[in-house]
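The sequence lines fix the lettering, A, B, ..., with proteins before strands; numbering per chain opens at 1.
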Number of protein chains: 2
Amino acid sequence: MDDVIEPAAADFQLPRILAALADPHRLATVRYVAVHGESWCGLVMQEAGLAMSKSTFSHHLRILREAGVVTKRISGAKGYAQLRKEDLDSRFPGLMDAIIDAEVPARQA
Amino acid sequence: MDDVIEPAAADFQLPRILAALADPHRLATVRYVAVHGESWCGLVMQEAGLAMSKSTFSHHLRILREAGVVTKRISGAKGYAQLRKEDLDSRFPGLMDAIIDAEVPARQA
DNA sequence: CGTACAGTTCGAATTGCATCGAACTTCGAG
DNA sequence: CTCGAAGTTCGATGCAATTCGAACTGTACG
């Protein structure tokens, strides 16, 4: 069921993390949990402005988890996503801060 | 001939920059010019450990330029690539430092 | 128990990316 | 002018990513 491998911090691969963050949907997801802390996935989908099906969101979350960017915790029927800030900071100091604090350009057409 | 658009710093798009940096070959390229400063492309290809054809390298360099990560200067028949450190720092403070200074995991087979 | 909710997995379609060789342009050196 | 070196562009190809709906599993709650 849930065979997703969340790597240890020592196994983080920069290209993989950058690839995970390079998708606008996933970036929005990461930014949301960075600001709001551990969040229910359903809320993230709504609030982060992600117009996609459940299965697509599940896919994106998997990419983020397999890269080591987020963790998922299951409570009852719901899942909660959280940024792995400490682990990311330990391997790539300043990386996430730079990405999270980056100016979000005005939405362009 | 050279229609590659190198965007102004104000037009930098984070997802695009992250995507450009997410490829190991391009990451190696960026790290090389970050350390060595403006470099002849031929040398970069050799020294950065890039085993690829000229056309493929040209393609990767284009991606980096169009994202705003590097500039190219032509001198005679040769081209020289340079990291756009100031522009990148102005839009995304700390981003490039974090990426360049990241520990490169020991290459093991 | 049965219904609704939360989420994953699967298959399929579409799209995009990395890569190469070949052909071409341009520059520098003879 | 001619030759080789340096790069770019152009198809073509093969692989990976994104996306969806449908079917499935598991939890919560009347």
Side-chain angles (χ1 to χ4, degrees), chain A residues 1-6 13-30 32-33 38-82, chain B residues 1-6 13 15-30 32-33 38-67 69-82:
Chain A
M1 312 305 174
D2 203 332
D3 297 2
V4 178
I5 307 158
E6 295 185 356
Q13 294 171 28
L14 185 54
R16 193 159 192 182
I17 289 179
L18 294 176
L21 296 170
D23 182 280
H25 299 128
R26 294 195 291 259
L27 223 202
T29 299
V30 167
Y32 186 91
V33 296
E38 194 183 49
S39 310
W40 168 48
C41 296
L43 228 207
V44 175
M45 263 187 74
Q46 276 214 344
E47 297 295 315
L50 308 180
M52 55 174 62
S53 67
K54 287 189 305 177
S55 56
T56 301
F57 180 76
S58 181
H59 162 71
H60 283 307
L61 202 61
R62 167 188 283 256
I63 303 288
L64 287 170
R65 292 173 65 199
E66 289 179 340
V69 181
V70 303
T71 331
K72 200 189 71 172
R73 183 178 60 86
I74 297 182
S75 174
K78 296 185 176 180
Y80 296 83
Q82 186 178 15
Chain B
M1 318 302 179
D2 203 332
D3 297 5
V4 178
I5 307 158
E6 295 185 356
Q13 295 172 29
R16 193 158 191 180
I17 289 179
L18 294 176
L21 296 170
D23 182 279
H25 298 128
R26 293 194 291 259
L27 222 201
T29 300
V30 167
Y32 186 90
V33 297
E38 195 182 49
S39 311
W40 169 48
C41 296
L43 228 205
V44 176
M45 262 187 73
Q46 275 214 343
E47 297 295 314
L50 308 181
M52 55 174 63
S53 66
K54 287 190 304 175
S55 57
T56 302
F57 179 76
S58 182
H59 162 71
H60 283 309
L61 202 59
R62 167 188 282 257
I63 303 287
L64 288 171
R65 292 174 65 199
E66 289 179 341
V69 180
V70 303
T71 330
K72 201 188 71 172
R73 182 178 61 87
I74 298 181
S75 174
K78 296 184 175 182
Y80 296 83
Q82 187 179 15

What's the [atom1]-[atom2] distance between [X] and [N], to the nearest Å?
{"X": "A:Leu61", "N": "C:dG7", "atom1": "CG", "atom2": "P", "value": "9 Å"}
{"X": "A:Tyr80", "N": "C:dT8", "atom1": "OH", "atom2": "P", "value": "13 Å"}
{"X": "A:Arg73", "N": "C:dA6", "atom1": "CZ", "atom2": "P", "value": "16 Å"}
{"X": "A:Asp23", "N": "D:dT18", "atom1": "CG", "atom2": "C1'", "value": "8 Å"}
{"X": "A:Ile74", "N": "D:dG26", "atom1": "CD1", "atom2": "C1'", "value": "10 Å"}
{"X": "B:Met52", "N": "D:dT8", "atom1": "CE", "atom2": "P", "value": "13 Å"}
{"X": "B:Leu50", "N": "C:dC20", "atom1": "CG", "atom2": "P", "value": "11 Å"}
{"X": "B:Met45", "N": "D:dT8", "atom1": "CE", "atom2": "P", "value": "11 Å"}

Taking only the side-chain nitrogens and oxygens of [X], find out if one of them lies under 4.0 Å from OP1 or OP2 of [N].
{"X": "A:Lys72", "N": "C:dT8", "result": "yes"}
{"X": "A:Arg62", "N": "C:dG7", "result": "no"}
{"X": "B:His60", "N": "C:dC17", "result": "no"}
{"X": "A:Lys54", "N": "D:dA22", "result": "no"}
{"X": "B:Thr56", "N": "C:dT19", "result": "no"}
{"X": "B:Trp40", "N": "D:dA5", "result": "no"}

For the [atom1] atom of [X] and the [atom2] atom of [Y], what is their distance to the nearest 0.5 Å?
{"X": "B:Leu21", "Y": "A:Leu21", "atom1": "CG", "atom2": "CG", "result": "11.0 Å"}
{"X": "B:Gln82", "Y": "B:Arg73", "atom1": "CD", "atom2": "CZ", "result": "8.0 Å"}
{"X": "A:Leu64", "Y": "A:Glu6", "atom1": "CG", "atom2": "CD", "result": "10.5 Å"}
{"X": "B:Arg62", "Y": "B:Lys72", "atom1": "CZ", "atom2": "NZ", "result": "9.5 Å"}

Worksheet item: What's the shortest heavy-atom distance between A:Ala22 and B:Pro15, and which atoms?
Response: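 The pair with the smallest heavy-atom distance is O-CB, 3.3 Å.
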Worksheet item: Does the base of D:dG7 carry an N or O that pairs as donor and acceptor with the side chain of B:Ser55 under 3.5 Å?
Response: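 Answer no: no donor N or O sits under 3.5 Å from an acceptor.
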Quick one: which of [options] gets closest to the side chain of [X]?
{"X": "A:Ser53", "options": "D:dC20, D:dT8, C:dA6", "value": "D:dC20"}
{"X": "A:Ala77", "options": "D:dT8, C:dA6, D:dT19", "value": "C:dA6"}
{"X": "B:Lys78", "options": "D:dA6, D:dT19, D:dT9", "value": "D:dA6"}

Discussion item. What contact category does B:His59 fall into here, base, sugar-phosphate, or nothing, at under 4.0 angstrom with non-hydrogen atoms?
Written reply: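 Base contact - B:His59 has a heavy atom under 4.0 Å of at least one base atom.
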